[in-house]
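Right, one structure below, let's go through it.
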Amino acid sequence: MYTSVQRLDRTPNWEQTKVRDYVDEIQERLAEGDHINKGEKDGEDLSNFKDETIESKLRDKIYDSSVTIVLISPRMKSYIIPEKDQWIPWEISYSLKEVKRADKTSRTNAVLGVVLPDINGSYEYVLTKRTCCPSGCTHFNTANLFTIIRENTFNRKRPEKYDCNQRDTIQKWPYSYIHIVSWETFINDMDAAINSAICIRERIGEFEIRKEIK
């Protein structure tokens, strides 16, 4: 099977690296810290369940969590299956909604998008570094993302902007509710990336949140 992501050292020589291997890497790192991981565990294969069972399990996992980490890969999105029939958009939608159960209502989660390197080690299918200004900036190729991710990037109601070399308009952070970083940035300091997403959630009123799947 063709792989779309860069090889990890943890992958046995006779196997290809899959997105699942990156999930395992994150879970091991989270286990070493103070975070509580509610992600899919080894041996827990949701594909064996009916759709309504998967939906229930996802809702239960997300309901009392505070941060949702979404791994973005070159092949995460199928262009021949409607987005409403793919599970990642539903996970994000559940994460963004406030859900009431009995006398308790869950808060909208912070959402952290982690862009995985493609097979050549590049992030440019989503993140393109530019050197048009002294501090450097990044162009986001949001057309490659699910609609619910795309509509929750650059969605600040009153964005702060400045001109870069009198050519491009740059938005100051935080510019998006869904905080997107590269795998390299994330894995080098997971706490900083997660805390940045949490800081954005504390300013949720500044963003126009899109919660439904189109």
Parallel, tilted or perpendicular: which one describes the rings of F154 and F140, with boundaries at 30° and 60°?
perpendicular
Within a strict 4.5 Å, meaning less than it, do heavy atoms of the [X] and [Y] side chains meet?
X    : Y    : value
Q86  : S78  : yes
T68  : I92  : no
L96  : Y177 : yes
E184 : Y123 : yes
R156 : E206 : yes
I187 : R29  : yes

Can you tell me if N155 uses its side chain to pair, donor with acceptor, with the backbone of F207 under 3.5 Å?
no
Find the distance between CD1 (I180) and CD1 (I72) and round it off to the nearest 0.5 Å.
4.5 Å
State the CZ-CD1 distance between F146 and I178, to the nearest 0.5 angstrom.
11.5 Å
Would you check, one step at a time, whether the test side-chain hydrogen bond (donor to acceptor under 3.5 Å, both in side chains) holds for N109 with S66?
CA-CA 5 Å; N109 273 16; S66 57; over 6 Å; no
Which residue in the set L116, D118, V114, V115 passes side chain to side chain contact (heavy atoms under 4.5 Å, CB included) when paired with S73?
L116
